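In what follows, a structure is listed as structure tokens, so that the remarks can point back to it.
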Amino acid sequence: DWSSDVCSSVFRILKPLQLDSWLANVWIAIPRILGGTSLCLEFGSPKFGMPRSTTEEMGLFQVASWFPEDVSKFAIPFSLAPTFFAWMGAATEAIEGLLLALGLGTRICSVFVAVTMLTAIFMEKWPQAMEYGSSWPLLPAAGFLWIALYSILTGSGKIGADYWIAKKFENATKDSI
């Protein structure tokens, strides 16, 4: 039936690369955990009202006032709804960064992070790099893009919530057969 097909598809997406070596799983987890934490706390949190970043000017789940102004300078479709796209970009950095660090929905979160970073690179960072004659403005977004692509391929590994969810789902599927 269709519900078992949907569950099977979700399981295939969530199921991370499973390596036997504990050290290999640590190496898979390090970029995901450090990158996700940094993306959430250092890049997303100042733009998006998170519990630790709320101020009088920015409440919980609100976007910093300067961010839609930046987004309005991007090309269409971003300039048509800058507040919406600013909210989506900030929420992706803050929320998806946290989920990435936890290894929860790793591949799905990584797709959103990759799209957000590609947008940042081509709409904001690339023009800055050309203006300043340096590639330095590209580096954070390019680093997060690399981590997102890496995480799309590997998933969370065994050190992440996806592994435990997939393991529980796999055991439940075996028990029902």
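All residue numbers in this chain count up from 1 along the given sequence. What you see is a predicted model; the values in this text were computed from it and never measured. Heavy atoms only: backbone and side chains are in, while hydrogens, waters and symmetry mates are out.
Hydrophobic clustering (side-chain heavy atoms under 4.5 Å, transitive across Ile, Leu, Val, Met, Phe, Trp, Tyr) groups Trp87 together with Phe74. Linking ILVMFWY side-chain heavy atoms closer than 4.5 Å, directly or via other members, places Leu19 and Leu23 in two distinct hydrophobic clusters. Residues Met130 and Leu118 fall within the same hydrophobic cluster, defined by Ile, Leu, Val, Met, Phe, Trp and Tyr side chains chained together at heavy-atom separations under 4.5 Å. Under the 4.5 Å side-chain contact rule for hydrophobic residues, Leu102 and Ile159 do not share a cluster.
A heavy-atom distance below 4.5 Å is found between the side chains of Leu39 and Met117.
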Going through the distances and angles, do Leu149 and Ile152 end up as a side chain to side chain contact (heavy atoms under 4.5 Å, CB included)? CA-CA 5 Å; Leu149 295 175; Ile152 289 169; 4.3 Å; yes
Before you tell me yes or no, could you show the steps for Thr119 and Phe78 under side chain to side chain contact (heavy atoms under 4.5 Å, CB included), namely the whole-Å CA-CA distance, both residues' side-chain angles and the distance that decides it to 0.1 Å? CA-CA 10 Å; Thr119 302; Phe78 304 102; 3.5 Å; yes
Mind running side chain to side chain contact (heavy atoms under 4.5 Å, CB included) on Glu93 and Cys40 for me, showing each step along the way? CA-CA 6 Å; Glu93 289 180 3; Cys40 175; over 6 Å; no
Output, in order, the C-alpha distance, side-chain angles, deciding distance and verdict of side chain to side chain contact (heavy atoms under 4.5 Å, CB included) for Val113 and Ile147. CA-CA 9 Å; Val113 170; Ile147 291 168; over 6 Å; no
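Of all heavy-atom pairs spanning Ala114 and Ala148, the tightest one is N-CB, 3.8 Å. Nearest heavy-atom pair across Gly155 and Ile28 is O-CG2, 4.1 Å. The shortest non-hydrogen separation linking Ala120 to Ala141 is CB-CB, 4.4 Å. In terms of heavy atoms, Ile121 sits closest to Pro127 at O-CD, 4.2 Å. The heavy-atom pair separating Gly160 from Trp164 by the smallest distance is O-CD1, 3.2 Å. When all heavy atoms are compared, the tightest approach of Ser156 to Thr106 is CB-OG1, 3.3 Å.
Between the Thr37 side chain and the Leu34 main chain, no donor and acceptor come within less than 3.5 Å of each other. Panel note: side chain Ser21, backbone Ala24; a donor-acceptor pair is recorded below 3.5 Å. Remark: the backbone N or O of Leu153 is paired with a side-chain donor or acceptor of Arg107 at under 3.5 angstrom. Counting only distance, with no hydrogens or angles, the side chain of Asn25 and the backbone of Lys158 share a donor-acceptor pair below 3.5 Å.
Other residues, nucleotides and ligands place no more than 12 heavy atoms under 6.0 Å from the CZ atom of Phe112. No more than 12 heavy atoms of other residues, nucleotides or ligands sit less than 6.0 Å from atom CE of Met88.
Note: Ser134 OG to Leu139 CG = 7.5 Å, rounded to the nearest 0.5 Å. Atom CD of Glu96 and atom OG1 of Thr116 lie 8.0 Å apart (nearest 0.5 Å). Atoms OG1 and CZ, from Thr92 and Phe85 in turn, are 11.5 Å apart once rounded to the nearest 0.5 Å. For the atom pair Leu104 CG and Cys109 SG, the distance stands at 6.5 Å (nearest 0.5 Å). Distance check: Ser135 OG to Lys125 NZ gives 13.0 Å after rounding to the nearest 0.5 Å. Distance check: Leu100 CG to Ile108 CD1 gives 12.0 Å after rounding to the nearest 0.5 Å.
For an aromatic pair to be called close, the ring centres must be under 6.0 Å apart, and Phe43 with Phe144 satisfies this. Ring to ring, Trp146 and Tyr150 are close: their centroids are under 6.0 angstrom apart.
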